[in-house]
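It should be emphasised that the depicted structure is a prediction, and the values quoted were computed from it without experimental measurement. Hydrogens, waters and symmetry mates are skipped; everything else that's a heavy atom, side chains included, is used.
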Amino acid sequence: MLLSLMSAKWYPILFDSPMNATRSVAIWLTVALVAAFLVCVFVLKGERRQKFLKISLISAIAYACVVGIMFLAFTFAEDGIQTILFVPLLVLIVAIAASAITLVFKRSKLIYIILGCIVGAALVAVFACMGVYYASGDAEDMNGVKITVSENVALYLCAAGLIAVIAFLAFFFGRKDKKGFDSKSISYAAICIAMSFALSYLRIVKLPQGGSVTIASLLPLMIYAYMFGTKKGVFAGMIYGILQAVQDPWIVHPAQFLLDYPIAFAAIGVAGMFANIKKLDKLPQIQFALGAIVASVLRYLAHILSGVFAFSEYALDAAENPISPWIYSLTYNSFVFVDIAIVIAAGVLVFSSRAFVKQARKFRVEEKPQPAAEEVPTEQSEDD
């Protein structure tokens with residue numbers, strides 16, 4: 001891990017290209033904006049705080065989408081992302097930005113349906129273009145990797161096993177959630193995916209064989225899982241993982257792609273698994289932190305298994321004295337815990353706001369609502 005960090009790119013102090021200089025400025029600007037937001041939240045009270053939170057929501061959505069579009073354009077210009085991937089991603093981000101801002105000002109069933117259809121169509125277009133792009137070429141040969149028959153089998157078995165574990169946790173802890181997606185949950189999923197995607201460009205450090213530490217890029221997805229439950233959270237995380245494959249592809253095998261992208265980030269959706277634990281209702285920070293830890297452990301496991309069975313050749317060539325692929329993968333992928341520590345710290349601050357927790361819990365569906373319990377408000381109207 002130490003060797004990997006020494007050879008990694010530390011973006012907050014990197015100014016060697018227009019993209020990296022802009023990224024460094026954006027990182028420090030984001031930190032300053034978050035600090036200013038937290039100060040205002042704790043200083044303002046009553047209606048002034050509510051008005052400030054609404055303005056902040058609009059500003060955060062607009063800022064995230066501007067960052068996403070800006071770095072997507074830089075990626076197109078400097079890194080040579082193919083037009084077939086750039087155009088649908090750009091359309092998707094613009095559609096999400098417009099939808100999110102619309103929802104802040106006007107919410108109705110018809111609006112949710114229209115916006116859900118627009119964003120859904122843009123998302124389908126992204127996946128279709130991805131399929132066309134990645135259908136050509138041999139990923140193993142292109143990356144100089146040869147995967148043995150035993151490693152091939154192990155990759156598929158590991159992917160299937162983790163899918164089963166994540167699905168079990170999602171359905172077990174999400175058994176009280178509202179069944180199926182509705183227009184509201186789809187719209188909010190699109191917003192949270194877009195915000196996480198934009199924040200993922202604000203990397204603190206990027207490791208040489210893939211993986212990076214960001215400024216709490218997974219926080220919007222984890223908040224979504226807390227609000228709408230683990231089943232919807234896992235689905236949103238899977239979509240985000242596929243988008244990550246477009247942003248920073250490192251693909252050598254179909255099962256490795258599943259482990260490093262859809263499965264690893266689908267695991268983020270289980271972050272909402274403790275949201276309905278009544279004994280912790282007065283400690284929302286603990287509910288969030290515990291779920292985030294479980295989610296990060298599952299993500300870490302997915303990356304480890306991918307590293308052991310798909311990237312063993314990199315492990316053997318990583319140092320003068322070859323080491324075990326298991327040891328290399330365990331240490332290399334420990335960046336996940338640095339990334340999640342930042343998310344938990346930010347999440348604990350966010351969930352320390354009673355106003356935020358109250359709004360987040362409006363989306364939770366209990367089997368037996370308890371209107372007398374102030375900490376667990378019941379579902380309210382669409383216009384709340």
* Structure fact -> To the nearest 0.5 Å, atom CZ of Phe265 lies from atom CZ of Arg299 at 4.0 Å
* **Minimum-distance pair of heavy atoms, taken over all atoms of Ile263 and Ile166** => O-CD1, 3.6 Å
* Asked: Can you list the residues that meet the side chain to side chain donor-acceptor pair (under 3.5 Å) rule with Thr214, with sequence neighbours excluded?
  -> Ser217, Asp339
* **Closest contact, heavy atoms only, Ala302 versus Asp260** => O-OD1, 4.4 Å
* With rounding to the nearest 0.5 Å, note down the distance linking CD1 in Ile277 to CZ in Phe173. => 6.5 Å
* To do: State plainly whether one hydrophobic cluster holds both Leu259 and Trp326, where clusters connect Ile, Leu, Val, Met, Phe, Trp and Tyr through side-chain heavy atoms under 4.5 angstrom apart.
  => yes
* Could you go step by step and tell me if Ile293 and Ile340 meet the side-chain contact (heavy atoms from CB on, under 4.5 Å) rule? -> CA-CA 8 Å; Ile293 291 171; Ile340 208 66; over 6 Å; no
* **Ala292 backbone acceptor or donor facing Ser296 side chain under 3.5 Å** => yes
* To do: Take the angle between the ring planes of Phe168 and Phe172 and call it parallel below 30°, perpendicular above 60°, tilted in between.
  => parallel
* **Donor-acceptor contact below 3.5 Å, side chain Gln244 vs main chain Tyr261** => no
* Asked: Within the distance-only criterion (no hydrogens, no angle test), does the side chain of Ser196 pair as donor or acceptor with the backbone N or O of Ile193 below 3.5 angstrom?
  -> no
* Looking only at heavy atoms, which two atoms of His303 and Ala264 are closest? And how far apart? -> CE1-CB, 3.7 Å
* Would a hydrophobic clustering, with Ile, Leu, Val, Met, Phe, Trp and Tyr connected at side-chain separations under 4.5 Å, put Val350 with Ile268? -> yes
* **Residues which pass ring pair (Phe, Tyr, Trp, His ring centres under 6.0 Å) with Phe288, listed by chain and number, not counting sequence neighbours** => Phe351
* **Contacts of type side chain to side chain contact (heavy atoms under 4.5 Å, CB included), residue Ala225, not counting sequence neighbours** => none
* Structure fact -> For Met222 and Val343, the nearest pair of non-hydrogen atoms, with its separation, is SD-CG1, 3.6 Å
* **Heavy-atom donor-acceptor pair, Tyr300 side chain to Leu330 backbone, under 3.5 Å** => yes
* Asked: Is there a donor-acceptor pair closer than 3.5 Å between any side-chain N or O of Thr331 and the backbone N or O of Tyr328?
  -> yes
* To do: Examine Ile327 and Leu301 and state if one hydrophobic cluster contains both, with Ile, Leu, Val, Met, Phe, Trp and Tyr joined whenever side-chain heavy atoms are less than 4.5 Å apart.
  => no
* If two hydrophobic side chains count as joined below 4.5 Å and joins carry through other members, does Leu162 share a cluster with Phe171? -> no
